[in-house]
Trainee: 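Sharing a structure with you now.
All values below come from the heavy atoms of this structure, side chains included, with hydrogens, waters and symmetry mates left out. Start at 1 and go down the list; that is how both ligands and their atoms are numbered.
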Amino acid sequence: MTGQELLTQLNWRYATKKFDPARTIPPEQWSVLERVLTLSPSSYGLQPYRCFVIQDADVRRRLREVSWNQPQITDASHLVVFTAMTSVTTELADRLVSRVAEVRGQSVDSLKGYRDMLAGFVEGAPAKGIQLDQWAGRQAYIALGVFLSAAAMMQIDACPMEGIDPAGYDQVLGLSAKGLRAYCVATAGYRAADDKYATLPKVRFKHEDVVTRV
Ligand SMILES: Cc1cc2nc3c(=O)[nH]c(=O)nc-3n(C[C@H](O)[C@H](O)[C@H](O)COP(=O)(O)O)c2cc1C
């Protein structure tokens with residue numbers, strides 16, 4: 001993809017307000033977007049977020065009720081709920097170290113220094129004013145951003161949404177029992193032919209107002 005093609009796609013994307021409910025993302029394309037969810041970077045690589053792909057129509061109807069009745073929740077081809085851990089402990093560091101050992105063929109013992117560094121971050125965070133639940137939520141938003149960019153590059157429409165009631169999502173999906181809280185969702189699919197937002201000029205502050213070269 002050339003630089004110009006990338007900018008064209010990012011200009012093409014918009015927060016889709018009205019999806020075509022008759023169009024579904026083909027499974028082979030969806031499976032790519034699902035893989036993207038796990039390829040997002042995260043602080044220390046700790047991945048304190050979890051994504052739920054909601055396929056059940058009844059669950060989507062109930063989630064729409066706790067999403068300001070926004071139609072994208074039920075009309076889009078796919079719905080992803082981005083959640084993050086409400087409690088981050090050194091157990092997450094241990095799980096990551098085990099996974100690193102498994103993927104890279106190393107022993108857990110040889111990763112002791114790495115494990116201590118990760119655990120040190122988790123244990124020392126409160127004293128540094130880092131609230132780990134909020135830190136975890138921020139990682140979920142990074143995953144949302146990566147997902148949106150990937151969808152745009154694949155010519156798939158999407159809408160990021162935080163107009164949701166986290167308590168309602170908790171009730172429908174049983175999140176707190178899993179130690180999770182919902183932050184935002186992404187709906188993905190194809191724009192309806194009559195979504196008037198699709199043709200509105202994109203509004204951004206001027207480049208120099210947002211980006212400063214020092
Ligand atoms: C974190 C986040 C939450 C958003 N929540 C909603 C939402 O609940 N409903 C909605 O229709 N759009 C929502 N949007 C879309 C924004 O309004 C939209 O991205 C912004 O106006 C810029 O327009 P564009 O994305 O079409 O370029 C959200 C966007 C972000 C990044």
Trainee: Among protein heavy atoms, which lies nearest atom 25 (O) of ligand 1, and at what distance?
Mentor: R13 NH2, 2.7 Å
Trainee: Measuring from L118:CG to L111:CG, what's the distance to the nearest 0.5 Å?
Mentor: 9.5 Å
Trainee: Considering heavy atoms of the protein only, find what lies nearest to atom 18 (C) of ligand 1 and give residue, atom and distance to 0.1 Å.
Mentor: A15 CB, 3.8 Å
Trainee: Starting from atom 5 (N) of ligand 1, which protein heavy atom do you reach first, and at what distance in Å?
Mentor: E162 N, 2.9 Å
Trainee: What do the steps show when you test R181 against D170 for salt bridge (Lys or Arg N to Asp or Glu O under 4.0 Å), and what is the final call?
Mentor: CA-CA 7 Å; R181 174 202 190 276; D170 183 14; over 6 Å; no
Trainee: I'd like to know if Y49 and L37 are part of one continuous hydrophobic network [Ile/Leu/Val/Met/Phe/Trp/Tyr, side-chain heavy atoms within less than 4.5 Å].
Mentor: no
Trainee: Check each atom of ligand 1 against the heavy atoms of Q70 and keep those under 4.0 Å away; list them by number with element.
Mentor: 7 (C), 8 (O), 9 (N), 10 (C), 11 (O)
Trainee: Check ligand 1 against Q72 and write out every atom of the ligand that is under 4.0 Å from a heavy-atom position of the residue.
Mentor: 11 (O)
Trainee: Tell me whether Y141 has any N or O atom under 3.5 angstrom from an N or O of ligand 1.
Mentor: no
Trainee: With a 3.5 Å cut-off and no angle check, do the side chains of S67 and Y169 form a donor-acceptor pair?
Mentor: yes
Trainee: Verify the neighbour count for atom CD of Q171: are there more than 12 heavy atoms of other residues, nucleotides or ligands below 6.0 Å?
Mentor: no
Trainee: For ligand 1, which part of C159 has a heavy atom less than 4.0 Å away: the side chain, the backbone, both, or neither?
Mentor: side chain
Trainee: Is it true that E65 and R62 have a side-chain N and a carboxylate O under 4.0 angstrom from each other?
Mentor: no
Trainee: Decide whether an N or O pair under 3.5 Å exists between Y14 and ligand 1.
Mentor: no
Trainee: Would a search of protein heavy atoms around atom 21 (O) of ligand 1 find one under 4.0 Å away?
Mentor: no
Trainee: Checking a contact table here: which protein heavy atom is nearest atom 23 (O) of ligand 1, and how many Å away?
Mentor: R204 NH1, 3.9 Å
Trainee: Write out the residue and atom name of the closest protein heavy atom to atom 27 (O) of ligand 1, then the distance separating them to 0.1 Å.
Mentor: K202 NZ, 2.5 Å
Trainee: Where does the angle between the aromatic ring planes of W30 and H78 fall among parallel (under 30°), tilted (30 to 60°) and perpendicular (over 60°)?
Mentor: parallel
Trainee: Of the protein's non-hydrogen atoms, which lies at the shortest distance from atom 17 (O) of ligand 1, and what is that distance?
Mentor: K17 NZ, 4.3 Å
Trainee: Are the aromatic ring centres of Y197 and Y14 under 6.0 angstrom apart?
Mentor: no
Trainee: Considering non-hydrogen atoms of the protein only, which is the closest contact for atom 8 (O) of ligand 1, and what is the distance?
Mentor: G163 N, 3.0 Å
Trainee: Taking distance alone, with no angle check, do W68 and ligand 1 share an N/O pair under 3.5 Å?
Mentor: no
Trainee: So do R23 and R191 actually touch side chain to side chain, heavy atoms under 4.5 Å?
Mentor: no
Trainee: Looking only at distances, can you tell me whether any N or O atom of P160, backbone or side chain, sits closer than 3.5 Å to an N or O atom of ligand 1?
Mentor: yes
Trainee: Is the backbone N or O of G45 less than 3.5 Å from a side-chain atom of Q47, with the two atoms forming a donor-acceptor pair by type?
Mentor: yes
